2 protein chains.
Amino acid sequence: MKKGENEPEARKSNRRGGGRPTIADVARLADVAAITVSRALRHPSRVSAELRTKIDDAVAQLGYVPDPIARALASARSDVVGVLVPSLTNVVFADVVKGIYDQLRGSSLQIQMGNTHYSALEEERLVSVFLSQKPSALIVAGIDPTTATRKMLANSGCPVVQIMETSYDPIDMLVGFSHFDGGREATRHLIDSGYRRIGFIGARMDPRTQRRLAGYRRAMEDADLFDPALITTTPTPSSVTLGGQLLADALGRTPDMDAIFCNNDDLALGALFECKRSSIQVPQRLGICGFNDLEMMAVAFPTLSSIRTPRYAIGQRAVQLLQERLADKKVDTITDLGFELRPRESTNRIV
Amino acid sequence: MKKGENEPEARKSNRRGGGRPTIADVARLADVAAITVSRALRHPSRVSAELRTKIDDAVAQLGYVPDPIARALASARSDVVGVLVPSLTNVVFADVVKGIYDQLRGSSLQIQMGNTHYSALEEERLVSVFLSQKPSALIVAGIDPTTATRKMLANSGCPVVQIMETSYDPIDMLVGFSHFDGGREATRHLIDSGYRRIGFIGARMDPRTQRRLAGYRRAMEDADLFDPALITTTPTPSSVTLGGQLLADALGRTPDMDAIFCNNDDLALGALFECKRSSIQVPQRLGICGFNDLEMMAVAFPTLSSIRTPRYAIGQRAVQLLQERLADKKVDTITDLGFELRPRESTNRIV
DNA sequence: TTGTAAGCGTTATCAC
DNA sequence: GTGATAACGCTTACAA
């Protein structure tokens, strides 16, 4: 109403551009400079109440929505958070990702997800791709990163949270728990329950699985029970079906096995079904302990012992750390969220 | 080596900008215009072999990587594909998403994922946010979209694939199967197996669940077996635990129930465990049929009948359609990928 | 507190 | 086939 540029009124200036209103339109309508609109939108407190009102009105009237892409180009920071996981179908990561999403609700951050397929090289490639999007932060539930990956991440200047483990020195921040300790505790529990010939079955054998195996081994050695013949592993990805097969294999080779620590709950469930099918009494003839404590463990028949891992909490906490960091607060470098043994019928011999 | 601009050599021109080489650096080194570099990168065939070589060399020498954000701003098209799902922890969507990722591997498209939490309004909000990123395409495994959502999507000009169902008229493209038919087929199977008092248990009761229930109802009515007392539902999200509870409820109210169609496999597994725990013979005393045919169904004891749904294929096909569409090919509007009954021990009364 | 000017790195447009 | 120029819509740097 006040100022009137030389152009008519329709703003559609020159060549390109869709029809959406831009910050310039808002500025014109509110009779301020574009930069003031920009400020009012991002730091309302740095703009006088008077102008703020005018600007808010103009924004509302025009239905203006900032263009995240232009914003990203100008500021060299996008509002996406990159999330790298080794698998999309593994429930474990689904839970983590849910934690991430839930904690991110309400904020304007978007999630871009990548699947590393348990490959350090694929992870390296994806980190490079993601970094080129100038993300606000990166959450990596990767495998043990390559040197190149570490370097890229460290030099990126963007906050990085590595999740799931506490076993390496953090590039930036770390949230997880000790898989070694988890494996050891599960095994100790079996020992404490009176089992002696305790087997281990594991699939895929990614680094985290290896660490759980190492924990198992330590516990067995400490109790003078270790016997390599009790270990059955395969590079094949884990599944319920595989759990049954591995158990059958293991029992074939070491028939005196009296308990089994399954590297994850899928395997444990498969092992349980296999026992049922072969009329092997659980927990009398064979004790079973899983890892992760998925929901079904507590309702299976018999209920299955497991190690409860803080998957959802890891995702949540990772985002919290990010948010604090982005708000320039000081945050812990390493957060150990621990785990918890959940003893149930499947390891309770004195039923 | 040839031309030498007036500037020294270090390109770091003016004020901002990180240290990464830009298209201008490549152009300078290759002694061509920036736009030619741009062309060489995107449409190699439109540039002479000679220049192409020079440019490729320069790119390699500089380690130039195009900036996706600048690209997006200039072209009004980003290389992200938005994916909207109602749940992140539901295995069903995990499989779909995996199909999407696998089919996308190798392409330069990135995925941005949103969780609608089974809410049409949240979906609407997310569609709006996603659209503001000028995505290359959108894949929506949403719930029944609101009018506003449909409108935004339709006007966006970006390819949209709605997945999971075939039951509404597509905004653009549709890939899925008929949940009504699936529910009906599962129920028919139970009827054909000799069961008469067939119950239904369902959780969350989102639109797709409702359609499966409608299919159940139709099958029961057609066989003159329908009895509303046989239906047990809850708005609570589905889980294995819930499956056991719902079954117990149902049997409490209608003790003569002789089979149960579980709206999904989690419920079916919970129901099976509940039967085991209560010494209810499956399939003799109670037949069980699930829906989706997750991996565990085939190895449970007894093995569980289910309806195999093409989850992975849906994700894959959705991306294929997108890719064809983006390549300006003509594509089908509706793709029905069907489903398949998998009869197993849990419904095989004549064991 | 507000504004001016310049630029972020790329591509569309149009001319040669 | 190649290039000059002007956007794309926003924010940083600096000045008033």
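Proteins get letters first, then strands, A, B, ... in listed order; numbering begins at 1 in each. This one's a predicted model, so the numbers in the text were calculated from it and none came from an experiment.
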Closest to the [X] side chain: [options]?
X: T22(B); options: dG3(D), dT11(D), dG9(C); value: dG9(C)
X: S48(A); options: dT2(C), dG9(C), dT11(D); value: dT2(C)
X: R39(A); options: dT2(C), dG3(D), dG9(C); value: dT2(C)
X: L73(A); options: dA12(C), dT2(C), dG9(D); value: dG9(D)

[X] [atom1] - [N] [atom2] separation (whole Å):
X: R71(B); N: dA7(D); atom1: CZ; atom2: C1'; value: 18 Å
X: L41(A); N: dG9(D); atom1: CG; atom2: C1'; value: 13 Å
X: R42(A); N: dG9(D); atom1: CZ; atom2: C1'; value: 13 Å
X: D67(B); N: dG9(C); atom1: CG; atom2: C1'; value: 6 Å
X: E50(B); N: dG1(D); atom1: CD; atom2: P; value: 14 Å
X: Q133(B); N: dG9(D); atom1: CD; atom2: C1'; value: 14 Å
X: D79(A); N: dG9(D); atom1: CG; atom2: C1'; value: 15 Å
X: I35(B); N: dA7(D); atom1: CD1; atom2: P; value: 15 Å

Does S38(B) have a side-chain nitrogen or oxygen under 4.0 Å from the phosphate oxygens OP1 or OP2 of dT10(C)? no
N or O in side chain of T36(A) less than 4.0 angstrom from dG3(C) OP1/OP2: yes
Most 5' of R46(B) and K134(B) on DNA chain D, judged by nearest nucleotide: R46(B)
Between R77(A) and P135(A), is there a donor-acceptor pair closer than 3.5 Å when you use the side chain of the first and the backbone of the second? yes
In a table with atom names and distances, give each donor-acceptor pair under 3.5 Å that connects a side chain of residues 59-74 of chain A to protein atoms at least two apart or in another chain.
| residue | atom | partner | partner atom | Å |
| --- | --- | --- | --- | --- |
| D67(A) | OD1 | I69(A) | N | 2.7 |
| D67(A) | OD1 | A70(A) | N | 3.3 |
| D67(A) | OD2 | K134(B) | NZ | 3.0 |

Looking at D95(A) and K98(A), is there a salt bridge between them, counting it only when a charged N and a carboxylate O are closer than 4.0 Å? no
Could D25(A) and R28(A) be called an ion pair, given the rule that one side-chain N must be under 4.0 Å from one carboxylate O? yes
When all nucleic acid strands are considered with a 4.0 Å heavy-atom cut-off, which category describes I69(A): base, sugar-phosphate, or nothing? nothing
Looking at every strand, decide which applies to A33(B) at a 4.0 Å heavy-atom threshold: base, sugar-phosphate, or nothing. sugar-phosphate
Residue whose nearest DNA chain C nucleotide is more 5′ - V47(A) or V65(B): V47(A)
Side-chain polar contacts of residues 150-163 of chain B - donor-acceptor pairs under 3.5 angstrom, sequence neighbours left out - could you list them?
| residue | atom | partner | partner atom | Å |
| --- | --- | --- | --- | --- |
| R150(B) | NH2 | D169(B) | O | 2.7 |
| R150(B) | NH2 | D169(B) | OD1 | 3.3 |
| N155(B) | ND2 | K151(B) | O | 3.3 |
| S156(B) | OG | L153(B) | O | 2.7 |
| S156(B) | OG | C158(B) | N | 3.1 |
| Q162(B) | OE1 | I171(B) | N | 2.9 |

